[in-house]
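First up is the structure itself, then whatever we jot down about it.
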Protein chains: 2
Amino acid sequence: MTEADERATQAPGPAHRATTPPLTERQRERRGRILHATAQLACRGGFEAVQMREVAESSQVALGTLYRYFPSKVHLLVATMHDQLERLHGTLRKSPPTGETAADRVAQTLMRAFGALQREPRLAEAMARALTFADRSVSPEVDQVSRQTTAIILDAMGGLDNPTPEQLSAVRVVEHTWLSTLITWLAGRTSLAQVRVDIETVCRLIDLTDAGPGERAARP
Amino acid sequence: MTEADERATQAPGPAHRATTPPLTERQRERRGRILHATAQLACRGGFEAVQMREVAESSQVALGTLYRYFPSKVHLLVATMHDQLERLHGTLRKSPPTGETAADRVAQTLMRAFGALQREPRLAEAMARALTFADRSVSPEVDQVSRQTTAIILDAMGGLDNPTPEQLSAVRVVEHTWLSTLITWLAGRTSLAQVRVDIETVCRLIDLTDAGPGERAARP
DNA sequence: ATCAAGTCTGAAACTTGTTCTAGATTAACC
DNA sequence: GGTTAATCTAGAACAAGTTTCAGACTTGAT
């Protein structure tokens with residue numbers, strides 16, 4: 001009930017707060033161990049294989065401590081997604097997309113991201129399901145992930161500094177579509193080919209808002 | 001584990017199977033009571049208020065029976081969504097959208113659907129979260145809901161008999177966006193205004209595939 | 001009407017997320 | 001070095017989804 005409240009009030013250490021207190025070295029290590037164990041368990045058996053007791057044991061941390069760092073399983077998995085996305089964003093930066101139009105570049109980037117997640121489908125499933133299952137109490141963390149995704153897309157568009165509201169709307173739509181197709185694919189309800197088509201379809205919106213219909217949006 | 005398997009093999013009565021056996025009158029009633037109780041509980045407190053024991057008690061059915069009809073809480077809520085969507089589709093049919101272009105009509109319809117769900121936000125939350133949280137074992141039911149949504153959108157487009165693959169892709173993207181914005185709004189992570197903008201943005205894809213860019217797609 | 005097969009009930013048991021408690025450990029500060 | 005507050009641990013306890021089981025009830029076919 002007032003779970004989020006209480007925690008926000010009481011949790012002094014590792015987790016979320018307006019200004020998180022510095023975080024000891026050992027604490028950083030613990031947090032890392034937890035996220036690592038989570039990802040490992042998720043890779044093996046997806047969402048349901050990530051069991052809090054197991055995560056605690058694997059990361060050599062007491063159950064209570066795990067809950068102090070991540071107030072719920074969903075928080076834990078969303079944090080894992082944040083972690084993985086950071087990695088992914090780094091990778092993507094190193095080899096920028098080559099398409100002519102912004103839409104091409106975004107589609108290419110998203111399919112690349114899709115491919116990366118595909119390599120560990122169960123991990124992807126665990127993270128994606130947590131992300132969409134998250135309720136209000138996880139909003140800050142979900143928003144963080146959302147901002148990351150937005151950043152990735154804007155990067156692919158060519159690193160605009162001040163996107164217009166229309167562009168941001170298009171980016172949000174692309175984001176939604178990306179996540180939904182991911183989930184649909186992970187649930188075995190669609191083919192990879194259809195995923196690609198749909199990603200390309202939605203990316204048309206990028207060009208549409210980027211330079212108006214009919215025009216080209218090439219990058220120097 | 002083999003839960004879905006076993007159930008598919010063993011569940012003779014009410015639920016899913018290749019060809020569902022006819023379903024007695026009393027069974028139809030039971031099923032109806034269950035769905036009604038579910039919706040009622042969901043209206044009050046959303047996803048977490050739908051507790052299987054409560055549903056069973058409210059609908060005057062043993063817990064085991066509830067599980068025979070709906071093999072999990074997610075199945076139950078997805079079935080509830082199907083039920084509600086059927087109602088909604090009926091309502092929408094009665095007053096077709098008035099926009100000029102297919103995109104306008106779809107956007108209008110979706111906002112209307114959004115409005116309908118808004119009236120019972122907790123019920124909407126429960127259903128939407130179940131829908132995206134569903135795993136493979138619920139795929140058939142989720143697909144059914146998806147087909148319903150597709151039908152609503154195609155209706156709004158003007159009841160095409162044989163949509164092109166491009167159109168279907170656009171429809172899928174619109175669908176994904178609709179559900180995602182719904183969830184995002186229910187979680188309090190976005191405003192109604194932004195929802196409207198995003199819906200309108202994605203609906204541009206409809207016109208784009210309906211008659212090619214620049215042309216008009218009016219309906220007789 | 002009766003029998004067999006399938007259904008429903010009630011209650012207990014099991015699983016896993018979450019909370020709570022008491023005591024040991026650590027970190028910061030005097 | 002000692003004190004105090006915060007943190008961590010181990011483990012019990014609780015909550016809600018799911019499973020199981022023995023027995024009562026329905027239904028359909030004979």
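Proteins come first, then strands; the chains are lettered A, B, ... in the order of their sequence lines, and each starts at number 1.
When heavy atoms are screened at a 4.0 angstrom cut-off, A/Glu54 is found touching no nucleic acid atom at all.
The 12-atom threshold is not exceeded at CZ of B/Arg196, counting heavy atoms of other residues, nucleotides or ligands nearer than 6.0 Å.
Every residue two or more places apart in sequence or in another chain that forms a side-chain contact (heavy atoms from CB on, under 4.5 Å) with B/Thr38 is listed here: B/Ile34, B/Val50, B/Val55, B/Leu76, B/Leu77, B/Thr80. Checked against side-chain contact (heavy atoms from CB on, under 4.5 Å), A/Gln108 has the following partners two or more places apart in sequence or in another chain: A/Pro97, A/Thr98, A/Arg112. Every residue meeting the side-chain contact (heavy atoms from CB on, under 4.5 Å) condition with B/Thr150, not counting sequence neighbours, appears here in chain and number order: B/Ser146, B/Leu154, B/Val171, B/Glu175.
Between B/Arg122 and B/Glu125 no salt bridge is recorded (no basic side-chain N to carboxylate O distance below 4.0 Å).
When rounded to the nearest whole Å, the span between CG of A/Leu77 and C1' of C/dG17 equals 12 Å. Nucleotide D/dT18 holds its C1' atom 13 Å from the NE2 atom of B/His75, rounded to whole Å. In this structure, the CZ atom of B/Phe70 is 12 Å from the P atom of C/dC8, given to the nearest Å. The distance from atom CD of B/Glu25 to atom P of C/dC8 is 14 Å, rounded to the nearest whole Å. Rounding to whole angstrom units, CZ of residue B/Arg30 and C1' of C/dT9 are separated by 10 Å. Rounded to an integer number of Å, the gap from A/Arg31 CZ to D/dT7 P is 15 Å. Distance CZ (B/Arg68) to P (D/dT26): 16 Å, rounded to an integer number of Å. A/Glu29 has its CD atom 14 Å from the C1' atom of C/dT26, to the nearest Å.
Nearest-nucleotide positions on DNA chain D for B/Arg26 and A/Thr65 put A/Thr65 closer to the 5' end.
Within the structure, every pair that satisfies the ring-ring contact (aromatic ring centres under 6.0 Å, His included) test and touches residues 114-140 of chain A, not counting sequence neighbours, is listed here: A/Phe114-A/Trp185, A/Phe133-B/Phe47, A/Phe133-B/Phe133. Every pair tested for salt bridge (Lys or Arg N to Asp or Glu O under 4.0 Å) that includes a residue from residues 54-63 of chain A fails, sequence neighbours excluded, so the list is empty.
Note on B/Gln27: a side-chain N or O is less than 4.0 Å away from OP1 or OP2 of C/dC8. Close to C/dC8, at under 4.0 Å from its OP1 or OP2, lies a side-chain N or O of B/Tyr69.
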Nucleotide N/O of nucleotides 10-17 of chain D paired with protein N/O under 3.5 Å:
| residue | atom | partner | partner atom | Å |
| --- | --- | --- | --- | --- |
| D/dA16 | OP1 | B/Gln51 | NE2 | 3.1 |
| D/dA16 | N7 | B/Arg53 | NH2 | 3.4 |
| D/dG17 | OP1 | B/Val50 | O | 3.2 |
| D/dG17 | OP1 | B/Lys73 | NZ | 2.9 |
| D/dG17 | OP2 | B/Met52 | N | 3.0 |
| D/dG17 | N7 | B/Arg53 | NH2 | 2.5 |
| D/dG17 | O6 | B/Arg53 | NH2 | 2.7 |

